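Worksheet: the structure to be examined is printed underneath.
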Amino acid sequence: GTRDCFALIQTTSPFLTAAAVDGAVALFQERRAAAVVSLSPFETPIEAVFELDGKGRLKSVLRERYGAEFEASQRQSYGPRYVVCGAVTVLRTQPMRADPNYYFTDPDAVGYPVDELTGFDIDTMTEFSLAEVLMSRQGGTPGRRGEARST
């Protein structure tokens, strides 16, 4: 029933559209998914992620933390990669009560890719300022691309 699930829409994703929410809910229903999580394109391959040790030396996260051997390549050769953006998440109530992060490990959780703007997330003052610039350039209010802003 309708009480078995809900959609989490975060205010830190001001460019989320009604179409994206509808699409995530439809995918949830079609797939009978454990959860649907919005994903934003992620341009930096995990193979290119490094940490610095105490002396400033490069340490590959994949090799040092996970023991994974890999061959570094150009970003374009890896294919599409995504990061959870949190714009919209459709969840089942009972598993959420037991574990608020269940959708990261449930094998029946499904990803819902959105474009970079829809998945834009504000976590810092710099991102807030960028969102203001993006909104002024698109000439509309968040989530209503292309429509004139009412005064």
Side-chain angles (χ1 to χ4, degrees), residues 2-31 33-54 56 58-62 64-66 70 72-93 95-106 108-151:
T2 56
R3 293 183 183 195
D4 298 339
C5 58
F6 65 99
L8 175 62
I9 299 169
Q10 299 189 53
T11 58
T12 53
S13 297
F15 301 102
L16 178 64
T17 62
V21 174
D22 290 346
V25 170
L27 181 62
F28 179 82
Q29 292 170 331
E30 290 167 14
R31 296 284 299 269
V36 169
V37 180
S38 58
L39 303 172
S40 184
F42 190 67
E43 298 301 324
T44 305
I46 192 170
E47 292 84 354
V49 176
F50 291 86
E51 294 175 322
L52 299 176
D53 71 7
L58 290 171
K59 298 293 179 185
S60 161
V61 169
L62 281 180
E64 298 294 321
R65 289 193 181 206
Y66 306 107
F70 62 93
S73 184
Q74 292 181 328
R75 173 182 52 84
Q76 298 84 350
S77 69
Y78 292 112
R81 303 275 177 99
Y82 302 94
V83 63
V84 172
C85 64
V88 58
T89 308
V90 185
L91 302 158
R92 295 200 178 275
T93 305
M96 180 71 174
R97 286 182 176 149
D99 176 7
N101 295 311
Y102 82 94
Y103 52 92
F104 285 118
T105 56
D106 193 301
D108 293 322
V110 176
Y112 182 70
V114 296
D115 62 69
E116 188 177 9
L117 186 60
T118 302
F120 186 87
D121 189 34
I122 299 173
D123 289 322
T124 66
M125 285 304 297
T126 300
E127 290 166 341
F128 181 82
S129 297
L130 180 55
E132 287 184 315
V133 170
L134 292 169
M135 283 180 208
S136 68
R137 284 189 178 171
Q138 83 182 49
T141 56
R144 304 182 76 185
R145 295 185 196 149
E147 295 179 18
R149 186 181 305 193
S150 59
T151 55

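Along the sequence shown, residues carry numbers from 1. These numbers come from a predicted model, not from an experiment.
Taking CZ from F128 and OG1 from T12, the interatomic distance works out to 12.0 Å, rounded to the nearest 0.5 Å. Taking CG of D121 as the reference point, atom CD of Q10 lies at 6.5 Å (rounded to 0.5 Å). Taking CZ from F42 and OG1 from T44, the interatomic distance works out to 5.0 Å, rounded to the nearest 0.5 Å. Atoms OG and CZ, on S40 and R81 in that order, are 15.0 Å from each other to the nearest 0.5 Å. How far OH of Y82 is from OG of S38: 12.5 Å, rounded to the nearest 0.5 Å. With values rounded to the nearest 0.5 angstrom, E116 atom CD is found 11.0 Å from F15 atom CZ.
Considering only heavy atoms from C-beta on, K59 stays 4.5 Å or farther from F50 through its side chain. Residues L52 and L58 have side chains in contact (heavy-atom distance under 4.5 Å, counting atoms from C-beta outward). Residues L62 and I46 are in side-chain contact: their nearest non-hydrogen atoms beyond the backbone lie under 4.5 Å apart. Using a 4.5 Å heavy-atom threshold, the side chains of V84 and F104 count as touching.
Here E51 pairs with V61, R65 under the side chain to side chain contact (heavy atoms under 4.5 Å, CB included) rule; sequence neighbours left out. Applying the ring pair (Phe, Tyr, Trp, His ring centres under 6.0 Å) test to F28 and every residue at least two apart in sequence or in another chain returns nothing.
Between the side chain of E64 and the backbone N or O of S60 there is no donor-acceptor pair closer than 3.5 Å. Although no hydrogens or angles enter the test, the distance criterion places a donor-acceptor pair under 3.5 Å between the side chain of S136 and the main chain of V133. No donor-acceptor pair closer than 3.5 Å links the side chain of T118 to the backbone N or O of V114. At least one donor-acceptor pair closer than 3.5 Å links the side chain of R92 to the backbone N or O of A33. Using modelled atom types, one side-chain atom of T17 and one backbone atom of A20 make a donor-acceptor pair closer than 3.5 Å.
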Let me see the working for L117 and L134 under side chain to side chain contact (heavy atoms under 4.5 Å, CB included), right down to the final yes or no. CA-CA 9 Å; L117 186 60; L134 292 169; 4.0 Å; yes

Between E132 and R137, does the salt bridge (Lys or Arg N to Asp or Glu O under 4.0 Å) criterion hold? Intermediate values first, please. CA-CA 9 Å; E132 287 184 315; R137 284 189 178 171; over 6 Å; no

With side chain to side chain donor-acceptor pair (under 3.5 Å) as the criterion, how do T93 and D4 come out once you've worked through the C-alpha distance, each side chain's angles and the decisive distance to 0.1 Å? CA-CA 5 Å; T93 305; D4 298 339; over 6 Å; no

Does the pair I9 and L16 meet the rule for a side chain to side chain contact (heavy atoms under 4.5 Å, CB included), with working shown? CA-CA 9 Å; I9 299 169; L16 178 64; 3.4 Å; yes

Do L27 and V110 pass the side chain to side chain contact (heavy atoms under 4.5 Å, CB included) test, and can you show the C-alpha distance, the side-chain angles, and the key distance before you say yes or no? CA-CA 8 Å; L27 181 62; V110 176; 3.7 Å; yes

Show, in sequence, the C-alpha distance, side-chain angles and deciding distance for L39 and V83, and conclude whether the side chain to side chain contact (heavy atoms under 4.5 Å, CB included) test is met. CA-CA 5 Å; L39 303 172; V83 63; over 6 Å; no

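Smallest separation of non-hydrogen atoms from Y112 and G23: OH-CA, 3.3 Å. In terms of heavy atoms, M96 sits closest to F6 at CG-CZ, 4.0 Å. A109 approaches A34 most closely through the heavy-atom pair N-CB, 4.0 Å. Nearest heavy-atom pair, G119 versus C85, reported as atom, atom and distance to 0.1 Å: O-CB, 3.5 Å.
With Y103 as the partner, the side-chain contact (heavy atoms from CB on, under 4.5 Å) test is satisfied by one option alone out of D99, N101, T105: N101.
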